[in-house]
Structure formats: C-alpha cells, structure tokens
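Below, chain A is the first sequence line, B the second, and so on; all start at residue 1.
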Amino acid sequence: MIVRTRFAPSPTGFLHIGGARTALFSWAYAKKYHGKFILRIEDTDVERSTPAAVQAIMDGMQWLGLDYDEGPFYQMQRMDTYKKVLQTMLDAGTAYYCYCSKEELEILRESQMQQGLKPRYDRRWRPEAGKSLPSIPHNISPVVRFKNPQTGVVTWDDLVKGRIEIANAEMDDLIIARADGTPTYNFCVVVDDWEMGITQVIRGDDHVNNTPRQINMLNALGATIPQYAHLSMILGDDGQKLSKRHGAVSVMQYHDDGYLPEAVLNYLARLGWSHGDAEIFNMQQFCEWFDLDHITPSAAQFNTEKLNWLNAHYIKEANIDELASDIAIRLAKTGVEVKLQPKLQDVLGLYRERANNLNQLARDIAYFYALPQANVVDVEKYITDDILPQLITLKKKLADFDWGRDDGGAVDVGMLISNMVRDSNNLTYPKIAMPLRVMLTGTTQSPNIDAVMRILGKTETLARMEKYLNQKKQ
RNA sequence: GUCCCCAUCGUCUAGAGGCCUAGGACACCUCCCUUUCACGGAGGCGACCGGGGUUCGAAUCCCCGUGGGGACGCCA
C-alpha cells in the first residue's frame with residue numbers, strides 16, 4: 001500500500017516551529033516510502049481562519065522546501081462531502097440530533113466540575129431502545145452528536161508512544177455538526193483522513209485524546225483505521241511552553257533573524273529524532289534515514305545555541321553566489337548598497353568562516369561598502385602619537401607600492417608590513433596592525449589585516465588611512 | 001478534579017537485560033594554531049528522578065511514589 005501522509009494546519013496564525021516540525025516529519029515519512037504528502041487546510045473555524053494565515057503557512061513551508069504532492073485542500077470547500085457522510089450516519093443511527101442549548105451544557109459542565117467529575121455530556125438526547133426522549137423544543141436548532149460506544153476500550157499502537165488504551169466510558173457523545181449545520185473538527189478529520197486515504201497520521205500529541213473518538217467514528221463508517229504517530233511538543237529555550245504570548249514565532253522569523261533554512265531544517269529534524277550519532281545531515285539523507293521508531297516520546301526544549309552552530313556550518317557550506325545575493329539584500333535593508341568593488345563574493349570568502357548568523361555577517365562586512373565609524377575609545381587607544389610616524393611611513397610605502405590590480409593577489413601587502421616590523425627595532429606587528437584595523441574596519445576585530453587591505457583595495461585603503469592621519473595631525 | 005502521556009549530562013540525544021567505568025553533539029573550561037578576533041584541532045567538566053520488585057545480572061522489564069506535560073469546547 002502506498003504511504004499517504006498529511007499536514008493539516010488550521011489557518012489561524014503563522015507556521016510556528018512545532019507545526020514546521022510536524023510538517024517536516026510527515027513530509028520526510030512520505031518521501032522515505034515514496035508516498036504522497038498532502039496539505040490540507042482545516043479552516044472550519046470561520047471566526048479565526050484567515051487567508052493571510054493560509055498564505056503565511058504556505059510561505060513557511062516553501063521557505064523550508066516542504067513541497068506537497070496533493071492539495072492544498074480546504075475543508076470549507078468540502079462541505080457537501082461532510083453533509084453527505086453526516087446524513088448516512090444519521091440514517092444509520094450512529095449519530096443523532098441533540099437539542100441542548102449552550103447554556104444548558106454550561107450548567108451541566110459546571111456542576112460536574114464541582115463534583116470533581118470529568119465534564120461530559122449526559123446523553124440526554126441519545127436515542128436508546130425503550131428510552132423516551134424529551135419533547136423537542138421549537139426554538140432551538142439541534143446539533144448532531146456522534147453515538148460513541150459506552151463500553152469497551154479503544155486501543156491503538158502509536159508509532160511514537162507505543163500502545164495507548166482509553167476506555168469508552170471516558171468519552172462522551174461529541175458534537176460533529178454545529179447548530180448551523182457546519183461540521184466540526186473531529187468529524188472533518190475523520191472524513192478527510194478516510195477519503196484521502198491517509199495511511200499514517202503524524203501530528204502533535206495534543207491530539208492523543210482525540211484519537212479514540214476518531215477511531216470510533218472511523219469504525220462507525222466502516223473505514224480503515226490509519227496508523228497514528230503523536231509527536232511531543234517543543235518547549236521554548238527556557239523550558240517553558242511555547243504560546244502566542246510566550247516565545248512562539250513564525251518560522252519566517254528565523255529567516256528574518258539570519259538563519260538558513262538548511263540549518264533550521266537540520267535542527268528541527270534532530271529535535272526529538274536521532275540517527276545514532278549523526279548531527280549534520282541534509283534533507284536527502286534525512287529522508288533516507290527517517291523512521292518513526294527513533295522519535296522521542298518526551299517533550300524537547302529548543303536550543304538556540306545549537307541552531308547557531310548548525311547555521312555556522314551551513315553558512316560555510318552555502319553556495320557563494322546564493323550567499324552573496326542573500327547578504328546583499330540584508331545589507332540593503334540596513335541602508336548599505338553593495339558596490340561592484342570589492343566583489344561581495346570575495347568579502348564573504350574572507351568572512352563566512354567566522355559567521356554563525358547572516359545578519360551578523362552582513363553587519364560585519366558592511367564596512368567594505370559604507371565608511372565605518374570607529375569607536376572614540378579605540379581610536380585613542382590604538383592610533384597613538386608614538387605610532388603615528390610609523391603609520392605615515394607605512395602609508396607612503398603603500399602608496400608607492402604597486403598593488404597590481406585592485407583585487408590584490410599579485411603583491412603581498414602583508415609582507416610589506418612584516419618587512420617594516422622586521423626593519424624597525426621598536427615596532428611589533430600588532431602595534432601597527434591594530435591602528436590599521438581601527439582605521440580600515442572601524443573595529444578591533446577582523447580577519448588578517450593584510451587580507452582585508454587586499455580586498456578593500458589600494459585606493460580605499462589609502463583614503464581611509466588618510467582620513468585618520470589628517471585628523472591626528474591637527 | 002478525571003483521563004492520557006512523559007522522565008539519561010545545563011540542553012538535544014545514543015541506549016531494545018550483560019557490549020555502560022553510560023557514548024555523541026551544543027554550551028562551558030583548559031591548551032594548541034593564530035603577531036587581533038573568530039574558525040579549526042586536542043583535552044576536560046558533566047546525567048540514568050526516588051523507592052520497591054523480577055533476574056545470576058537492570059539505564060533498559062514490572063509496581064508504587066514524585067515531578068513535568070497534555071486533554072476534558074457548537075476551537076482546531
């Protein structure tokens with residue numbers, strides 16, 4: 001049988017990290033078994049669903065490269081199907097009308113809670129042989145309830161958590177269609193999973209308690225029961241539950257925050273799943289290795305440090321041209337326009353090894369394209385009066401020197417400085433390199449200063465030195 | 001409250017009764033490389049929630065605690 005998995009978000013917000021991981025695992029499972037991955041939008045909550053959220057979810061999936069084979073299917077466009085199935089259940093007596101008002105149910109719930117009971121519908125409208133039902137009120141339009149079995153146990157072998165058993169006595173007759181006739185979540189899921197031939201339902205473990213109800217309905221419909229895999233949740237960096245109020249962000253936020261999708265994907269894959277000691281792997285390897293029995297059943301805490309480490313790895317590995325166009329956009333956002341010289345690829349070649357974040361990388365190299373503003377403290381500390389003559393000498397030497405083309409290479413500027421240090425008896429390399437750093441990069445930390453100079457080019461190097469040396473002379 | 005689930009270094013995890021003196025990764029610390037800072041390399045620190053069983057033998061199986069989480073909607 002061909003594997004068919006699905007990702008079924010409700011479009012009430014962006015795609016967050018937990019949803020992304022659920023989608024990733026469903027996607028990978030389908031890929032591994034050469035099956036189909038289906039996207040289904042569960043938008044039956046008309047109040048909260050928005051087209052913008054649908055778009056946000058699809059944007060997130062696209063950024064991560066989680067492509068789907070079928071869909072997106074929208075539940076709101078499948079009403080006819082649901083109503084048809086609903087009618088067959090009504091006809092078969094596996095569902096029935098209930099005329100309780102919301103207020104009545106509220107009162108019932110509260111009194112049960114007070115008695116320390118699990119709040120449940122008391123089946124007052126459930127038709128039973130020999131039972132007389134209340135008389136139908138005319139001012140209330142009924143909901144439809146599923147006639148859940150009252151005895152026995154629902155059991156399934158969860159692909160992540162193992163065998164789970166829940167007694168039917170714990171369940172009540174859930175509402176499957178609202179008073180306005182629209183079907184509810186548990187019912188739509190059942191119909192869809194059935195009709196779409198879903199073979200493995202991979203979803204968050206907040207659905208564990210829905211599973212036995214869904215299995216009961218599937219049975220009532222004579223449908224095949226899919227396998228279930230319930231993924232544990234992802235906790236925030238602080239070990240707290242993620243919520244709109246606390247820490248839950250869109251996966252797209254990771255893009256904005258300077259992360260590569262490869263890093264996020266690799267990180268998410270490794271969060272709750274493992275393949276021996278493997279830490280770094282691409283999605284092709286992941287799809288080959290992925291299996292449901294190496295998923296941890298316990299909740300996992302998000303760790304930004306490790307994500308950063310993976311991000312550093314993928315920045316090193318990235319295609320240099322793609323990296324350059326990404327960085328150019330990030331620089332533009334901070335008001336820095338990349339020029340033709342120095343070539344951004346060359347600059348990145350010098351800097352990518354040390355970066356673990358794209359935004360930071362962009363900030364670090366901005367000085368190649370926009371004049372840096374050095375810190376006053378650094379200027380005073382390193383561009384001192386006693387080093388000034390040496391700097392002036394160096395500048396002269398650099399000016400007289402043939403740098404070859406501006407892209408460097410032919411002539412070793414570093415050698416020129418080394419020679420100068422060697423020929424002097426009171427000069428050390430750092431003593432001259434640090435003020436150069438401040439003048440050229442505006443900071444005290446950079447790659448080898450001669451490498452920076454070569455990429456910056458002769459003209460620009462001299463101009464930046466000139467600026468400080470003039471200042472000092474006054 | 002009731003039901004369900006979970007429990008190995010700070011964090012992510014390996015672990016299917018003897019390969020465990022509990023392995024790897026991130027973070028942290030030390031050293032090396034580096035005439036700055038990173039990168040990189042080599043080491044180090046660091047965990048089986050508690051108590052009972054079962055067994056020749058338990059991180060692993062069972063029970064009870066404890067702790068954490070989830071679910072109990074005309075939300076999904």
Side-chain angles (χ1 to χ4, degrees), chain A residues 8-12 42-49 75 98 100-102 105-106 109 112-121 141-145 158 160-162 164-167 169-172 174-186 188-189 203-212 230 232-233 235 237 239 241 267 270-280 293-294 296-310 312 316 351-356 364 382 417-418 421 428-434 436-438 441 443-449:
Chain A
S10 63
T12 55
E42 310 219 319
D43 54 356
T44 53
D45 183 356
V46 188
E47 302 281 302
R48 296 195 301 151
S49 298
Q75 291 187 323
C98 164
C100 280
S101 67
K102 289 185 184 182
L105 292 173
E106 193 50 45
R109 230 192 312 272
Q112 285 170 328
M113 287 285 253
Q114 259 167 14
Q115 292 169 63
L117 298 169
K118 187 170 181 165
R120 277 180 298 193
Y121 173 63
S141 32
V143 298
V144 178
R145 285 182 186 273
D158 197 278
V160 172
K161 293 180 188 280
I164 298 179
E165 298 186 0
I166 296 176
E170 292 299 327
M171 293 172 245
D172 62 2
L174 76 159
I175 292 169
I176 57 177
R178 304 180 179 91
D180 66 5
T182 58
T184 59
Y185 165 76
N186 274 294
C188 296
V189 167
R203 66 205 335 180
D205 72 358
D206 47 333
H207 288 293
V208 166
N209 291 277
N210 288 324
T211 306
H230 288 99
S232 61
M233 58 188 297
L235 271 22
D237 229 335
K241 189 195 168 183
Y267 180 74
R270 197 54 196 69
L271 194 59
W273 175 84
S274 59
H275 182 75
D277 288 342
E279 293 288 350
I280 293 177
D293 14 281
H294 286 86
T296 338
S298 56
Q301 188 171 320
F302 196 89
N303 184 234
T304 307
E305 299 286 357
K306 192 157 181 178
L307 209 211
N308 289 342
W309 171 71
L310 283 166
K316 287 189 189 98
Y351 267 85
R352 59 161 17 175
E353 290 285 320
R354 42 208 301 129
N356 66 8
D364 286 347
Y382 293 108
I417 302 174
S418 298
V421 170
T428 62
Y429 200 104
K431 218 171 162 191
I432 190 104
M434 288 313 285
L436 276 173
R437 251 186 206 103
V438 172
T441 74
T443 70
T444 57
Q445 294 162 10
S446 81
N448 291 338
I449 197 61

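The pairing partner recorded for rC3(B) is rG70(B), the criterion being a Watson-Crick or G-U wobble arrangement whose two distances lie under 3.5 angstrom. Pairing of rU55(B), defined by two Watson-Crick or G-U wobble distances under 3.5 Å, is not identified with any nucleotide. Nucleotide rA25(B) has rU11(B) as its partner under the Watson-Crick or G-U criteria, with both atom distances under 3.5 Å. Under the Watson-Crick and G-U wobble criteria, each requiring two contacts below 3.5 Å, nucleotide rC49(B) is paired to rG65(B). If you check rC39(B) for Watson-Crick or wobble pairing at under 3.5 angstrom, you find it has no partner at all.
Atom NZ in K306(A) sits roughly 7 Å away from atom C1' in rU13(B) (whole-Å rounding). Atom CG of L174(A) and atom P of rC3(B) are 20 Å apart (whole Å). As a whole-Å value, the separation of N308(A) CG from rA25(B) C1' is 15 Å. Between K431(A) atom NZ and rU36(B) atom C1' there is a gap of 16 Å when expressed in whole angstrom units. Atom P of nucleotide rC26(B) and atom CD of E279(A) are separated by 7 Å, given to the nearest angstrom. In this structure, NE2 of H275(A) is placed 15 Å from C1' of rA25(B), rounded to the nearest angstrom. R352(A) has its CZ atom 15 Å from the C1' atom of rA38(B), to the nearest Å. One can place CD of Q301(A) at 14 Å from C1' of rA7(B), the figure rounded to the nearest angstrom.
Comparing atom distances between the I164(A) side chain and each of rC5(B), rU13(B), rG40(B) picks out rC5(B) as nearest. Considering only the side chain of E170(A), rC3(B) comes nearest among rC26(B), rG40(B), rC3(B). Among the nucleotides rC39(B), rA27(B), rU11(B), the one closest to any side-chain atom of E353(A) is rC39(B). Nearest nucleotide to the side chain of Q445(A), out of rU36(B), rC4(B), rC5(B): rU36(B). The side chain of I166(A) lies closest to rC3(B), out of rC39(B), rC3(B), rG23(B).
No donor-acceptor contact under 3.5 angstrom links the side chains of T44(A) and R178(A), judged on distance only. There is no side-chain donor-acceptor pair under 3.5 Å between S298(A) and T296(A).
rU54(B) and rC63(B) have their C1' atoms separated by 11 Å, given to the nearest Å. Using atom C1' as the reference point in both rU13(B) and rC6(B), the two lie 16 Å apart (nearest Å). Distance check on atom P: rG43(B) versus rG24(B) gives 10 Å, rounded to whole Å. Nucleotides rU66(B) and rG73(B) are separated by 27 Å at their P atoms, to the nearest Å. Comparing rG70(B) with rG44(B), their P atoms sit 40 Å apart, to the nearest whole Å. Distance noted for atom P between rC4(B) and rC9(B): 27 Å (whole Å). When the C1' atom is used for both rG46(B) and rG23(B), the distance is 14 Å, rounded to whole Å. The same atom, C1', is picked in rU8(B) and in rU2(B); the two are 31 Å apart, to the nearest Å.
Among the protein residues, T444(A) comes within range of the nucleic acid bases, having at least one heavy atom under 4.0 Å from a base atom. Note on E165(A): only backbone sugar-phosphate atoms sit closer than 4.0 angstrom, heavy atoms only; bases stay farther off. Residue contacts shown for G272(A) are limited to sugar-phosphate atoms, with no base heavy atom under 4.0 Å away.
Put simply, the side chain of R270(A) gets close to the backbone of A278(A): a donor and an acceptor are under 3.5 Å apart. Using a distance-only test at 3.5 Å, with no hydrogens or angles considered, no donor-acceptor pair links the side chain of Y267(A) to the main chain of F302(A). A side-chain donor-acceptor contact under 3.5 Å links Q301(A) to the backbone of D237(A). In this structure, R437(A) contributes its side chain and T443(A) its backbone to no donor-acceptor pair below 3.5 Å.
The ring-ring contact (aromatic ring centres under 6.0 Å, His included) check on H294(A) picks up nothing, with sequence neighbours excluded. Partners of D205(A) under the side-chain hydrogen bond (donor to acceptor under 3.5 Å, both in side chains) rule, at least two apart in sequence or in another chain, are K161(A).
Comparing W309(A) and T428(A) by the nucleotide of RNA chain B whose heavy atom lies nearest to each, the residue mapping closer to the 5' end is W309(A).
The aromatic ring of Y429(A) sits over the base of rU35(B), with ring centres less than 5.5 Å apart and planes inclined by under 30°.
Between T296(A) and rU13(B) there is a side-chain polar atom (N or O) within less than 4.0 angstrom of OP1 or OP2.
With Y121(A) as the aromatic partner, R145(A) meets the cation-pi criteria of under 6.0 angstrom to the ring centre and within 45 degrees of the ring axis.
Here CD1 of I164(A) is found 4.5 Å from CG of D158(A). Values are rounded to the nearest 0.5 Å.
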How would you summarise protein contacts on nucleotides 65-76 of chain B per nucleotide, using B for base, S for sugar-phosphate only and - for none, with heavy-atom distances below 4.0 Å? ----SBSBSBBB
